[in-house]
Chemist: 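A single structure is presented below for examination.
In the text below, chain A, chain B and the rest are named by the order of the sequence lines, each starting its count at 1. Keep in mind the model is a prediction, meaning the values are calculated, not measured.
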Amino acid sequence: INTSPAVIKSEPEEDNGFYPSPQHIKTSKREYDDEECEYKPKKVKTEHDKKAKKRKHEYEEDEDESADINSYSDADAIVVSSLRGCVLLLFVVIRWEEERYTDGSKWRFLEHKGPVFAPPYEPLPDKVKFYYDGKPMKLNPPAEEVATFFAKMLDHEYTTKDIFRKNFFKDWRKEMTSEEKSKITDLNKCNFSEMSEYFKAQSEARKQMSKEEKLKIKEENERILQEYGFCIMDNHKERIGNFRIEPPGLFRGRGDHPKMGMLKRRIRPEDIIINCSKDSKQPKPPPGTKWKEVRHDNKVTWLVSWTENIQGSIKYIMLNPSSRIKGEKDWQKYETARRLKKCVDRIRNQYREDWKSKEMRIRQRAVALYFIDKLALRAGNEKEEGETADTVGCCSLRVEHIKLYPKMDDQEYVVEFDFLGKDSIRYYNKIPVEKRVFKNLQLFLENKQPEDDLFDRLNTSILNKHLQELMDGLTAKVFRTYNASITLQQQLKELSCSDDSIPAKVLSYNRANRAVAILCNHQRAPPKTFEKSMQNLQTKIDEKQNQLSAARKQLKAAKADHKASHDDKSKKTVEVKRKAVQRIEEQLMKLQVQATDREENKQIALGTSKLNYLDPRISVAWCKKWGVPIEKIYNKTQREKFAWAIDMAEKDYEF
DNA sequence: TTCTGCACTTAGTACGCACGGG
DNA sequence: CCCGTGCGTACTAAGTGCAGAA
């Protein structure tokens, strides 16, 4: 039901003026600068184009002569063990893929060993008892297993929550025999504490294991990794992301989830769909079992899938981020964001114009897009009520999520946002908006209840359809990628200083990274030990400071001594003391930098933006430009994921 | 057109282990 | 060498977006 009128009858605004926000003035200026610095990527492109052309040519010849699909594979049968070393090949392959797989297929050959299943349930020893209403009771294994899931979570807050308990109890009862069912009717009369103690003792014992035992387990894990953790996809041996099937347990949703506590059932081979190529060696199901299905669908990238019982959604086993297929997609994502950079001014002018439209749907679309652009909000798909926690994104914002303040302190037209976003993370922000946006928001709010949609004539599908018309491949999430990456680049430019030491440069990088994380609202729970470790660090700093003043005193004394005696020995002492002071100063500075960095990071998670939003070529170029080793910015896993960028980007790369 | 299913990206958290300082 | 702790990694939930069915 649309609460808003479709057409806006009278223009309530007196001004037709154009008020670009400071942010946008800055952006357009920056864009202009950026356009001029494009020569390097172009050069890179030409290089690739040449090879690609050559490759294409060769391929066409193959096709013409024999149409033998194997001829390509033979010519390029190079198993890439290190992606990094073979980037030129990678490019060729990528260019080739683009031209080759116009039909949307993702691979030609795929072979793997299937998933690793969760270990079977081991019943509790008889001495570990469950009590109902004070009396010991032996449960049959299925009911006992589900009981252990609850027992293992006893220390967690959510086992006290009503919904969790209700959902758990309902699902638990399904596993009971009719006898157990009739006896166990009240969760409050259940005593799991002996079971809980048993598991605590078990995990304690695991910690206390000898070195040899631990090594043995490690080796076994490594063996499983080697056997099941890799697959062959089109001549590459690739690492699989998640080759273990999720074990059964109690569902833990995030936030206020209506399904928390439900039983996540055990996945059996009969639930599993295998995807691989026809000509590959198919994975074998465990003895005495069958797969649900084996299919050969090369239009998708997953190797294994099953349907999960909580939401009824499909889960997949896919490749690691270091794989060709993921890296290529990632690269593509940033290229789309870079194309947005080229036309973002036009799009911004467009939505500003649309704020004045006669049609309500267009105004709503334009204001929503403004939020997505300016505040990096997510699109906000509709969700099924009662199936998930009540969270929203831009298009699904409700009246209750914003407050309008015509005046606040010394600012005008302030909008206050307060809502739960993805993962039930709170988004809270107060921002001044342009008058026209403000007036539009007032209009959208007219005659609505708090629980009504703010944008009642808009959804993500309408918005994305519009975006698609503005630029090929443009969707709402591209704005997040674009704004994140451009912010990093601009912040790095602003913060970096050639005189800085490497740690200071890394701090600048982290600060730039942090600006993005704040923009994208990437939060984390403050580490449990945060206060304490902060105190420890402060103590260290204090100690260092004392050390420094002591060292300075000694230096002064040595200088005085030297002035008096003018001998070689005293001169040496002065030098030694000077060096000592210098060393301590450096150490102190390092500590202080560390403290600042950590304090500023208390509730901000940098990882998500680094991994998903920041064009890695910006970081690589920055490292090259300022002589910072890439290892200071990316750990090993990240370097593997971004191998394509590490080899591609030169120091003057511009996003 | 709207709805639903599917595939894939993005997200925070728990946990274990390597590493650095005392 | 031991201990605490902070980082890396595994895990899996929760988003986005598109295509095809209804």
Side-chain angles (χ1 to χ4, degrees), chain A residues 104 106 118 153 156 203 206-207 211 214 217-218 221 225 229 241-247 249 251-255 257 259-260 264 273 275 297 299-302 305 307-308 310-321 325-326 329-330 332-333 372 378-384 387-389 391-396 420-425 459-465 467-468 473-481 484 517 520-525 527-530 532-534 536-537 540 543 594 598 601 603-613 634-638 640:
Chain A
K106 307 284 169 64
M153 298 171 121
H156 246 109
S203 80
R206 228 170 299 131
K207 272 183 217 155
K211 269 210 180 100
K214 280 187 180 170
I217 291 172
K218 211 177 160 185
N221 279 334
L225 172 69
N242 54 323
F243 54 88
R244 286 171 202 276
I245 301 281
E246 295 173 18
F251 177 75
R252 307 144 79 143
R254 316 248 167 97
H257 203 295
K259 298 198 170 183
M260 63 168 84
K264 197 167 101 164
I273 301 174
N275 194 31
D297 181 358
K299 300 281 194 291
V300 297
T301 66
W302 54 267
S305 77
T307 302
E308 154 268 355
I310 304 288
Q311 317 279 357
S313 64
I314 308 170
K315 299 258 182 164
Y316 303 94
I317 290 183
M318 289 183 188
L319 297 191
N320 196 69
I325 209 155
K326 295 284 185 188
K329 199 80 186 295
D330 209 32
Q332 215 179 78
K333 174 181 77 186
I372 285 171
R378 294 188 187 82
N381 282 313
E382 298 104 301
K383 307 167 72 187
E384 221 176 319
E387 293 292 301
T388 57
T391 61
V392 297
C394 185
C395 293
S396 49
L420 298 181
K422 183 176 177 180
D423 295 309
S424 292
I425 296 291
N459 61 41
T460 53
S461 168
I462 296 171
L463 178 65
N464 281 334
K465 224 164 265 163
L467 293 176
Q468 185 58 234
L474 187 60
T475 63
K477 87 190 189 86
V478 178
F479 281 87
R480 252 167 101 81
T481 311
C520 295
N521 199 40
H522 291 141
Q523 299 189 24
R524 62 167 185 176
K528 285 186 188 75
T529 54
F530 185 84
K532 213 184 94 200
S533 76
M534 213 56 207
N536 289 347
L537 196 57
K540 271 192 207 168
E543 279 169 14
Q594 208 185 345
R598 204 185 296 174
N601 247 4
Q603 299 196 62
I604 315 279
L606 300 186
T608 304
S609 50
K610 204 184 217 180
L611 240 43
N612 299 303
Y613 288 102
Y634 290 140
N635 66 31
K636 185 162 157 282
T637 316
Q638 293 164 339
E640 277 164 16

Chemist: Determine the contact category for K329(A): base if any of its heavy atoms lies under 4.0 Å from a base atom, sugar-phosphate if only primed atoms, P, OP1 or OP2 are that close, otherwise nothing.
Modeler: sugar-phosphate

Chemist: Just jot down the ring pair (Phe, Tyr, Trp, His ring centres under 6.0 Å) partners of F243(A), sequence neighbours excluded, or say none.
Modeler: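 Here no residue qualifies.
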
Chemist: Can you name the side chain to side chain contact (heavy atoms under 4.5 Å, CB included) partners of N612(A), sequence neighbours left out?
Modeler: T608(A), K641(A)

Chemist: What pairs with K636(A) under side chain to side chain contact (heavy atoms under 4.5 Å, CB included), at least two apart in sequence or on another chain?
Modeler: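 R639(A), E640(A).
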
Chemist: At under 4.0 Å between heavy atoms, what does R206(A) touch on the DNA or RNA strands: base, sugar-phosphate, or nothing?
Modeler: nothing

Chemist: Check the angle between the aromatic planes of H257(A) and F251(A) and answer parallel, tilted or perpendicular using the 30° and 60° thresholds.
Modeler: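 The arrangement is perpendicular - the two ring planes meet at more than 60°.
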
Chemist: Return the set of residues passing side chain to side chain contact (heavy atoms under 4.5 Å, CB included) with E246(A) (not counting sequence neighbours), or none when no residue passes.
Modeler: K264(A), W306(A), K315(A)

Chemist: List in chain and number order the residues that pass side chain to side chain contact (heavy atoms under 4.5 Å, CB included) with K329(A), two or more places apart in sequence or in another chain; answer none if no residue qualifies.
Modeler: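 Per chain and number, K329(A) pairs via side chain to side chain contact (heavy atoms under 4.5 Å, CB included) with Q332(A).
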
Chemist: Please classify the nucleic acid contact of I425(A) as base, sugar-phosphate, or nothing, using heavy-atom distances under 4.0 Å.
Modeler: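 I425(A): backbone/sugar contact only, no base atoms under 4.0 Å.
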
Chemist: At under 4.0 Å between heavy atoms, how does the protein contact nucleotides 12-22 of chain C? Give one character per nucleotide, 5' to 3', with B, S or -.
Modeler: BSBSBBS----

Chemist: For N521(A), check side chain to side chain donor-acceptor pair (under 3.5 Å) against everything at least two apart and list the hits.
Modeler: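 Partners of N521(A) under the side chain to side chain donor-acceptor pair (under 3.5 Å) test: Q523(A).
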
Chemist: Run the side chain to side chain donor-acceptor pair (under 3.5 Å) test against K422(A) and tell me which residues pass, sequence neighbours left out.
Modeler: none

Chemist: List for me each residue that meets side chain to side chain donor-acceptor pair (under 3.5 Å) alongside N275(A), sequence neighbours excluded, and say none if there are none.
Modeler: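 Per chain and number, N275(A) pairs via side chain to side chain donor-acceptor pair (under 3.5 Å) with no residue.
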
Chemist: What's touching nucleotides 2-5 of chain C from the protein side, N or O pairs under 3.5 Å?
Modeler:
unit_1	atom_1	unit_2	atom_2	d
dT5(C)	OP1	N536(A)	ND2	3.4

Chemist: OP1 or OP2 of dC8(B) versus the side-chain N and O atoms of T301(A): is any pair under 4.0 Å?
Modeler: yes

Chemist: Can you list the residues that meet the side chain to side chain donor-acceptor pair (under 3.5 Å) rule with N459(A), with sequence neighbours excluded?
Modeler: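 N459(A) satisfies side chain to side chain donor-acceptor pair (under 3.5 Å) with no residue once adjacent residues are dropped.
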
Chemist: Verify the contact: side-chain N or O of S313(A) to OP1 or OP2 of dC6(B), cut-off strictly under 4.0 Å; return yes or no.
Modeler: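 No, because none of the side-chain N or O atoms of S313(A) sits under 4.0 Å from OP1 or OP2 of dC6(B).
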
Chemist: With 3.5 Å as the limit, what N/O pairs link the protein to nucleotides 17-19 of chain B?
Modeler:
unit_1	atom_1	unit_2	atom_2	d
dA18(B)	OP1	K218(A)	NZ	3.1

